[in-house]
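First the structure, in the form of structure tokens, and then the observations on it.
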There are 4 protein chains.
Amino acid sequence: MAQSDTVTRILDTAEVLFAERGFAETSLRNITSKARVNLAAVNYHFGSKKALIQAVFSRYLDPFTQRFHTALDELEAQHAGRVIPLETLLETMATTVLAVPAERNSLKVFMRLLGLAYSQAQGHLRRHIQQEYGDVFTRFTELVRQATPDLPDAERFWRLHFMLGTVIFTLSGLDALRDIAEKDYQEQVTVRDLVRRLRPVVVAAMNAPLPPALEEGKYANAQAR
Amino acid sequence: MAQSDTVTRILDTAEVLFAERGFAETSLRNITSKARVNLAAVNYHFGSKKALIQAVFSRYLDPFTQRFHTALDELEAQHAGRVIPLETLLETMATTVLAVPAERNSLKVFMRLLGLAYSQAQGHLRRHIQQEYGDVFTRFTELVRQATPDLPDAERFWRLHFMLGTVIFTLSGLDALRDIAEKDYQEQVTVRDLVRRLRPVVVAAMNAPLPPALEEGKYANAQAR
Amino acid sequence: MAQSDTVTRILDTAEVLFAERGFAETSLRNITSKARVNLAAVNYHFGSKKALIQAVFSRYLDPFTQRFHTALDELEAQHAGRVIPLETLLETMATTVLAVPAERNSLKVFMRLLGLAYSQAQGHLRRHIQQEYGDVFTRFTELVRQATPDLPDAERFWRLHFMLGTVIFTLSGLDALRDIAEKDYQEQVTVRDLVRRLRPVVVAAMNAPLPPALEEGKYANAQAR
Amino acid sequence: MAQSDTVTRILDTAEVLFAERGFAETSLRNITSKARVNLAAVNYHFGSKKALIQAVFSRYLDPFTQRFHTALDELEAQHAGRVIPLETLLETMATTVLAVPAERNSLKVFMRLLGLAYSQAQGHLRRHIQQEYGDVFTRFTELVRQATPDLPDAERFWRLHFMLGTVIFTLSGLDALRDIAEKDYQEQVTVRDLVRRLRPVVVAAMNAPLPPALEEGKYANAQAR
DNA sequence: TATGAATGAGTATTCATTCAT
DNA sequence: TATGAATGAATACTCATTCAT
């Protein structure tokens with residue numbers, strides 16, 4: 001069996017099982033037996049379960065970063081120093097992030113994985129992602145800053161994360177939600193459809209009025225942690 | 001050791017560990033040894049690990065449902081058949097959901113637990129929550145429907161979930177985000193502060209313009225899954 | 001099955017297998033299956049393989065240290081401040097060290113274990129022994145110092161270790177040597193017999209003339225490591 | 001990469017790792033990765049791990065036997081039928097055994113290996129050494145017999161092994177002992193220095209008075225094993 | 001009512017060796 | 001001649017659960 005075959009089979013199987021059941025709940029036995037590959041193959045090719053998890057993500061994120069950098073290069077060239085509108089930035093982001101999984105017919109899996117990356121206690125994964133892909137996000141955030149000059153920095157930070165939550169939560173839980181939606185509203189829901197619904201919501205959220213300033217002392221007793 | 005003591009100690013320890021590391025990553029040994037309780041005590045008092053997980057949630061959700069029903073009763077009485085404004089509904093929801101954990105000084109833990117309930121592969125938990133607490137949510141959703149008569153049902157369904165994602169994602173990942181925010185913007189971030197920031201965003205999102213209608217056939221080839 | 005039963009069975013089996021094959025070459029499976037005990041029992045009762053190894057040693061060394069301290073107390077009382085002769089010290093040491101394994105009918109095993117403790121790469125074991133039983137040895141060494149006032153400290157240090165080597169090497173490899181000896185010299189060799197043979201050798205070695213002093217510069221090119 | 005290169009690299013790395021951690025604790029992966037050689041190379045060039053262990057020893061013992069035979073030839077020629085004195089025999093032995101590792105700057109490694117050969121459960125190794133190099137030892141023992149005509153055969157047998165123990169134990173554990181000695185006595189200890197200290201001790205031990213004869217029946221109940 | 005002991009099934013990982021190329 | 005890939009057996013250890021007392 002050629003290497004690429006085994007490695008690919010492991011990655012393909014792993015990402016599906018991880019997406020279905022989470023990292024801790026998926027054993028290497030689950031993966032290798034479903035992939036019809038020797039149990040030791042994971043450790044041989046990847047070194048450890050942690051490294052396998054990271055490899056699963058890299059297969060999506062490596063091409064993503066590359067394409068996203070290219071896309072941002074083009075946007076900057078087109079706008080020649082002028083500010084790139086927020087909607088354009090969001091649109092580009094959405095298109096690019098969906099491109100790779102769309103080609104691989106694994107949108108659902110990828111979205112679940114993204115959700116897991118945030119919610120599961122895989123510190124190593126968060127660190128890996130931060131370290132490998134932090135730069136693109138920094139570049140993107142800076143462009144968003146230029147597109148929303150009236151938003152205080154802290155407010156922009158939080159709103160970006162609010163929207164990140166919206167998107168990841170929705171797309172990663174898509175299966176369950178879709179089932180309910182189709183039953184209740186007789187609608188066929190596609191990812192593309194959801195993106196259509198998300199756009200006005202995200203834009204409105206980013207442009208929402210600022211909250212009232214904090215009044216001094218008002219929250220003196222507030223329990224924060 | 002009195003029973004209530006043991007049971008409480010187990011629940012207190014379990015919720016903290018679950019929140020920190022997730023369900024699968026927390027073993028009964030972790031819990032019982034940290035709670036300084038016999039290893040068999042969990043199975044003795046709760047029957048199984050699954051039942052313990054559900055009990056941890058019930059301790060928050062039982063008083064919540066009770067109070068939320070009461071709060072909605074009062075709102076309906078005050079508005080005497082007229083529509084309750086969306087903002088009032090959201091405000092009431094936020095206040096009630098935060099009340100119980102606030103009293104127990106465990107806001108952070110509760111939010112993490114909520115996030116886990118959605119992201120971790122605990123089918124039994126989702127079913128348990130749906131079954132035990134589905135009624136209040138149905139009642140709330142119906143009131144929201146009356147408050148947003150112009151929103152198509154399907155659109156309202158999705159937007160509510162978009163916002164659920166915003167809130168759960170943000171509050172459950174609060175720790176990490178707070179660290180970044182405090183480092184970058186020298187702001188002390190409290191849960192109450194975040195709720196203040198969330199309000200205008202959620203309202204704006206719910207009131208965002210409708211997306212353009214789907215064009216017939218446009219997505220014939222759309223890859224949905 | 002009572003605890004003491006399982007624990008004892010594990011210890012009894014473990015010491016025999018360790019003595020026969022070494023630590024690394026003896027798996028927990030070997031031990032538990034031969035002891036007809038559940039595979040998880042070792043980890044339950046001892047925590048880890050390392051801890052089991054240490055427990056095997058403690059079962060010999062704990063009573064040894066206790067008895068040796070008592071024996072030295074008595075010797076000091078008898079000699080009332082006067083120097084205790086070297087032969088008496090060595091005799092007492094030999095008697096005490098052999099007493100415990102003799103009672104348990106496991107002289108051979110104990111001697112092999114002592115040999116392993118020195119030769120196998122179990123850093124944790126050396127540390128454990130040093131830490132738990134270092135004090136008795138220090139006390140003994142000091143008495144030897146008083147019994148051999150003419151020996152330079154460094155010379156005494158090395159000669160004690162020379163003799164330690166003699167004893168441990170011989171007794172721990174006893175089986176093989178005994179087989180050869182019995183075949184070649186038609187002698188039945190008992191441990192007691194060997195101790196009889198060892199005594200004059202050890203005494204002569206300790207009392208051997210000092211080596212000629214090192215001549216300056218003579219070993220300038222000596223390769224030491 | 002030339003074969004000799006690979007083979008040498010494996011042997012060089014293996015002996016160091018074996019000496020540091022023992023045979024069982026050193027995996028072929030450890031060796032090949034440190035030697036920067038293909039994992040399969042050991043099995044390819046040596047056939048098995050056991051064969052590699054034997055090869056490591058042969059690299060020292062083959063030249064040793066050859067030289068030792070030559071040295072004994074010369075001694076016998078010089079003494080022309082007369083008895084060769086014990087000290088001369090021991091001196092020759094010591095010089096020859098140290099010559100090869102000294103040339104390769106690996107005295108420490110070789111001594112550790114010798115110690116391991118005796119203590120670790122490598123039956124195949126003991127058999128291999130016995131079989132390949134037994135003859136020289138037999139020849140040497142016979143010369144020692146002639147040099148110590150008053151010693152009963154059995155006594156000589158045991159005393160030779162006592163001294164073997166002294167030497168191997170000391171030199172193979174040299175590192176740890178040296179550290180202690182240098183700390184406590186501010187002495188730089190070289191192998192040559194130790195040999196100087198060993199000589200009078202070994203001679204004295206071989207010439208020690210005979211032990212008192214066994215009294216009949218005295219040890220009838222002696223527990224030998 | 002509570003617990004220490006025990007257990008069988010499971011975990012990730014490492015091992016020496018083989019094999020196709 | 002040499003090697004990357006693969007493998008089956010083994011490793012120590014952890015798991016939730018059960019059971020006798």
Side-chain angles (χ1 to χ4, degrees), chain A residues 1-7 9-10 23-32 37-53, chain B residues 1-3 5-7 23-33 37-52, chain C residues 1-7 9-10 23-32 37-53, chain D residues 1-7 23-33 37-53:
Chain A
M1 186 182 300
Q3 170 184 353
S4 67
D5 200 12
T6 301
V7 167
R9 285 244 294 277
I10 291 175
F23 303 119
E25 295 86 351
T26 304
S27 72
L28 294 188
R29 274 183 145 79
N30 292 155
I31 295 169
T32 53
V37 145
N38 186 279
L39 172 60
V42 167
N43 283 291
Y44 176 73
H45 286 291
F46 298 92
S48 71
K49 187 180 180 181
K50 286 185 179 179
L52 171 61
I53 294 176
Chain B
M1 189 182 297
Q3 172 183 346
D5 197 14
T6 300
V7 167
F23 302 120
E25 294 86 352
T26 304
S27 72
L28 294 188
R29 274 185 139 81
N30 292 155
I31 295 169
T32 53
S33 73
V37 145
N38 186 278
L39 171 61
V42 166
N43 282 297
Y44 178 73
H45 288 291
F46 297 91
S48 72
K49 188 180 180 180
K50 286 185 178 179
L52 171 61
Chain C
M1 188 182 298
Q3 169 183 354
S4 66
D5 201 12
T6 300
V7 167
R9 285 243 294 277
I10 292 175
F23 302 119
E25 294 86 352
T26 304
S27 72
L28 294 187
R29 274 182 144 80
N30 293 156
I31 296 169
T32 52
V37 145
N38 186 278
L39 173 60
V42 167
N43 283 291
Y44 176 74
H45 286 291
F46 298 92
S48 71
K49 188 180 180 179
K50 286 185 178 179
L52 171 62
I53 294 176
Chain D
M1 187 182 300
Q3 171 183 347
S4 68
D5 197 15
T6 302
V7 167
F23 303 119
E25 294 86 351
T26 303
S27 72
L28 294 188
R29 273 184 141 79
N30 292 155
I31 296 169
T32 53
S33 73
V37 146
N38 186 277
L39 170 60
V42 167
N43 283 298
Y44 178 72
H45 288 291
F46 297 90
S48 70
K49 187 181 180 179
K50 286 184 179 180
L52 170 62
I53 294 176

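Below, read A as the first sequence line, B as the second, and so on, with proteins coming before strands; counting in each chain starts at 1.
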Point to revise | Taking every non-hydrogen atom, the tightest pair across D:S48 and D:A51 | key: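 Scanning both residues completely, I find the closest heavy atoms to be OG-N, 3.2 Å.
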Practice item. State, to 0.1 Å, how close B:T6 and B:A41 come at their nearest heavy-atom pair, and which atoms those are. Key: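 Closest approach of B:T6 to B:A41, heavy atoms only: CG2-CB, 4.3 Å.
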Practice item. Quick one: list whatever passes side-chain hydrogen bond (donor to acceptor under 3.5 Å, both in side chains) with C:N30, sequence neighbours left out. Key: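 For C:N30, the residues satisfying side-chain hydrogen bond (donor to acceptor under 3.5 Å, both in side chains) (neighbours in sequence not counted) are C:R21, C:S27.
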Exercise for review: Using side-chain hydrogen bond (donor to acceptor under 3.5 Å, both in side chains) as the criterion, list what pairs up with B:S33, not counting sequence neighbours.
Suggested key: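 B:S33: no side-chain hydrogen bond (donor to acceptor under 3.5 Å, both in side chains) contacts found.
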Please determine whether a side-chain nitrogen or oxygen atom of [X] lies at a distance below 4.0 Å from atom OP1 or OP2 of [N].
X     : N     : answer
A:H45 : F:dG4 : no
D:T6  : F:dA2 : no
C:N38 : E:dA6 : no

**Study point:** CG-CG distance between D:L39 and D:L28, expressed to the nearest 0.5 angstrom
**Key:**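 Answer rounded to 0.5 Å: 7.0 Å.
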Review point. Got a second to check how far D:F23's CZ is from D:L52's CG, nearest 0.5 Å?
Key: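 So the gap between those two atoms works out to 9.5 Å.
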Review point. Is DNA chain F part of any stem, that is, at least 3 consecutive Watson-Crick or G-U pairs with both distances under 3.5 Å, and where?
Key: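 Looking at DNA chain F, the stems formed by three or more consecutive pairs are E:2-21 with F:2-21.
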Exercise for review: Whole angstrom is fine here: how far is it from CZ in A:F46 over to C1' in E:dA12?
Suggested key: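 One finds 16 Å between C1' of E:dA12 and CZ of A:F46, rounded.
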Check your understanding: Any side-chain heavy-atom pair from B:K49 and B:V42 closer than 4.5 angstrom?
Key ->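 No, too far: nothing below the 4.5 Å cut-off.
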Review point. What string of B, S and - do you get for nucleotides 13-21 of chain E, 5' to 3', if B is base contact, S is sugar-phosphate-only contact and - is no contact with any protein heavy atom under 4.0 Å?
Key: BBBBBB---
**Study point:** Those residues that, when tested against A:A40, pass side chain to side chain contact (heavy atoms under 4.5 Å, CB included) (two or more places apart)
**Key:**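 With sequence neighbours excluded, A:A40 shows a side chain to side chain contact (heavy atoms under 4.5 Å, CB included) to A:N38, given in chain and number order.
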